[in-house]
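We use all heavy atoms of the structure for the numbers below, so side chains are in, but hydrogens, waters and symmetry mates are not. Here is how names work: the chains are called A, B, and so on, in the same order as the sequence lines, proteins then strands, and each is numbered from 1. Treat the numbers as computed from the prediction; the structure is a model and nothing was measured.
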Amino acid sequence: MPELPEVEVVRRGLERWVAGRTVASAEVLHPRAVRRDPGDLPAVLKGRTLRSAERRGKYLWMPLGDGPGDEEPADALLAHLGMSGQLLVVDPAAPEEKHLRVRIRFADDGPELRFVDQRTFGHLLVAPLDPRPARPVPQPITHIAPDPLEEAFDDEEFAVRVRLRRTGIKRALLDQSLISGVGNIYADEALWRARLHWARPTETLTQPKIAELLAAVRAVMTEALGQGGTSFDSLYVNVNGESGYFDRSLAVYGRRDEPCRRCGTPIRREAFMNRSSYSCPKCQPVPKNARP
DNA sequence: GAGGCATCCTGTAAGC
DNA sequence: TGCTTACAGGATGCCT
C-alpha cells in the first residue's frame with residue numbers, strides 16, 4: 001500500500017525515466033482511473049512535455065510544458081496511487097497487465113508509462129497549478145498539508161493544531177490536512193516508537209511528546225525510503241516493477257500475537273475506522289478518556 | 001466548522 | 001469442491 005516512502009520511490013523513477021519526454025498519445029482503458037472528464041485526457045496530454053516529477057504526501061504530479069521554452073507550466077498531470085496503483089515504465093511491446101487502466105506513449109518511441117491499478121482507488125487527472133504558494137501545487141490538492149519530509153512543514157504549527165483537536169492521535173495523523181503522507185501502516189509504526197496508544201486524546205499531548213512523535217514519523221519513513229518502501233505482496237512496486245523490502249522491518253503492523261520487539265508482549269489488533277490498529281499492550285497502554 | 005462514518009473496489013483467505 | 005463472507009485501506013461526501 002503506497003504511503004509517502006513508496007510514492008517517493010515512484011517519483012524518483014518518474015524523474016529518471018519520464019521527465020523531459022513529450023507525449024505522443026494517451027489511452028484511457030477504465031473510466032474510473034481518470035477524474036474529471038476521462039475523454040479529455042488524451043487530447044489534453046497529446047504533444048505536451050512532462051517536465052519533472054513532484055510530490056506532496058501521497059500525491060505525485062508532473063508539470064506540463066508546451067515545448068522547449070522555459071515558460072512556467074500552468075497545469076500538471078496529477079496522480080494518486082490509492083491502494084493498489086502502480087506507475088510502470090515498460091517496453092511498448094510488453095504484454096498488457098491485467099489491470100492496465102491508462103497507457104501513455106511518447107514521441108521518442110521509448111518505454112511507455114502505464115498506470116496499473118487492481119482496486120481502482122487510484123486516479124490520474126490534469127489540473128491547473130496554483131501559482132500562489134512558494135511552490136506551485138495542483139489546485140485539487142491545495143488543502144493537503146505539507147508532508148514531514150518537506151522543508152515547508154512547520155513542526156510548531158503542527159503541534160499547536162494537534163493540541164486544538166478533540167480527537168484521537170491516530171485520526172489526527174491520518175488527517176492529510178494536518179500532515180500528509182502518513183497512512184495506516186506508518187501511523188501504527190510511529191505510534192509504537194513514540195509509545196503512544198492510537199486513541200490518546202490529542203489535547204492531552206504535550207509539545208515535547210508531539211515532537212517525539214514527529215521524529216518517529218520521520219525516522220520510520222526515512223528508513224522505509226532507504227529500503228525502497230513497504231510491500232506485502234506484488235501490489236506495490238516502483239516504476240521498474242521491483243518491490244520494496246521494508247515490511248521485514250515493521251515492528252507492529254500486521255504482527256498480531258507476535259512478540260513486541262521491545263518487551264516481548266504479544267502485539268494486539270484492535271478495530272479502528274473500519275480497519276486495524278496494531279499496538280503493544282504494555283508499551284502503549286490504553287489511555288484514560290480514550291478517543292476511538 | 002469539526003468530527004465521524006459509509007462508500008468506492010477487487011483479490012485473497014477463511015468458514016461453512 | 002464450491003459458495004459466501006470478511007478483510008485490506010485513501011480520499012470523498014454526507015450527516016450530525
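- Under 4.0 angstrom from either OP1 or OP2 of C/dG10 there lies no side-chain N or O belonging to A/H80.
- A/R269 comes within 4.0 angstrom of sugar-phosphate atoms only, judged by non-hydrogen atoms across all strands, and of no base.
- A straight line from CZ of A/R166 to P of B/dG4 spans 12 Å, rounded to a whole angstrom.
- Of all nucleotides listed (B/dA2, B/dG4, C/dT12), C/dT12 comes nearest to the side chain of A/H143.
- Take A/R171 and apply the side-chain contact (heavy atoms from CB on, under 4.5 Å) test, not counting sequence neighbours, and it matches A/T167, A/F272, A/M273.
- The existence of a salt bridge linking A/E27 and A/R103 is confirmed by a sub-4.0 Å separation between a basic side-chain nitrogen and an acidic carboxylate oxygen.
- Shown for residues 173-184 of chain A: residues whose heavy atoms fall under 4.0 angstrom of DNA chain C, namely A/Q176, A/G183, A/N184.
- Every residue was checked against the side-chain contact (heavy atoms from CB on, under 4.5 Å) condition with A/A74, not counting sequence neighbours, and none meets it.
- The residues A/E150 and A/R135 are annotated as salt-bridged, a charged nitrogen and a carboxylate oxygen being separated by less than 4.0 angstrom.
- Pairs engaging residues 116-175 of chain A under the ring-ring contact (aromatic ring centres under 6.0 Å, His included) rule: A/F153-A/F158 [sequence neighbours left out].
- A/R256 places its CZ atom 17 Å from the P atom of B/dA13, with the value rounded to the nearest Å.
- Between A/R171 and B/dC5 there is a side-chain N or O to OP1 or OP2 distance below 4.0 Å.
- With sequence neighbours excluded, the residues satisfying salt bridge (Lys or Arg N to Asp or Glu O under 4.0 Å) with A/R21 are A/D108.
- Between A/E223 and A/R193 there is a salt bridge, with a side-chain nitrogen of the basic residue lying less than 4.0 Å from a carboxylate oxygen of the acidic one.
- Among pairs with a residue in residues 42-61 of chain A, those fulfilling ring-ring contact (aromatic ring centres under 6.0 Å, His included) read A/Y59-A/H80, at least two apart in sequence or across chains.
- C/dC7 atom C1' lies 14 Å from atom CD1 of A/I185, rounded to whole Å.
- Distance, A/L125 CG to C/dT12 C1': 14 Å, rounded to whole Å.
- Using a 4.0 Å cut-off between a side-chain N of Lys or Arg and a carboxylate O of Asp or Glu, A/R114 and A/E112 qualify as a salt bridge.
- C/dG10 atom C1' lies 10 Å from atom CD1 of A/I144, rounded to whole Å.
- Comparing the end axes of the helix from B/dA2-C/dT16 to B/dC16-C/dG2, each fitted to five base pairs by superposing C1' atoms of four pairs onto the next four, gives an inter-axis angle of 60° (nearest 10 degrees).
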Item to complete: At under 4.0 Å between heavy atoms, which parts of nucleotides 7-12 of chain B does protein reach? Answer with one letter per nucleotide, 5' to 3': B base, S sugar-phosphate only, - none.
Response: BBBBS-
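- Between the OH atom of A/Y59 and the C1' atom of C/dA11 there is a distance of 6 Å, rounded to whole Å.
- Proximity of A/T167 to the phosphate of B/dA2: no side-chain N or O atom is located under 4.0 Å from OP1 or OP2.
- Residues meeting the salt bridge (Lys or Arg N to Asp or Glu O under 4.0 Å) test with A/D188, sequence neighbours left out: A/K170.
- By the salt bridge (Lys or Arg N to Asp or Glu O under 4.0 Å) test, A/R48 pairs with A/D66, A/D75, sequence neighbours left out.
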Between protein and nucleotides 14-16 of chain C, what N or O pairs are separated by less than 3.5 Å?
none

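- No side-chain donor-acceptor contact under 3.5 Å links A/Q284 and A/W198.
- Applying the salt bridge (Lys or Arg N to Asp or Glu O under 4.0 Å) rule to A/R262 yields no partners; only residues at least two apart in sequence or on another chain are considered.
- Between the CG atom of A/D117 and the P atom of C/dG10 there is a distance of 14 Å, rounded to whole Å.
- With respect to A/K58 and A/E3, no salt bridge is recorded, no charged nitrogen being found less than 4.0 Å from a carboxylate O.
- When the C1' atom of C/dT12 is taken as reference, atom NE2 of A/H123 falls 10 Å away, rounded to whole Å.
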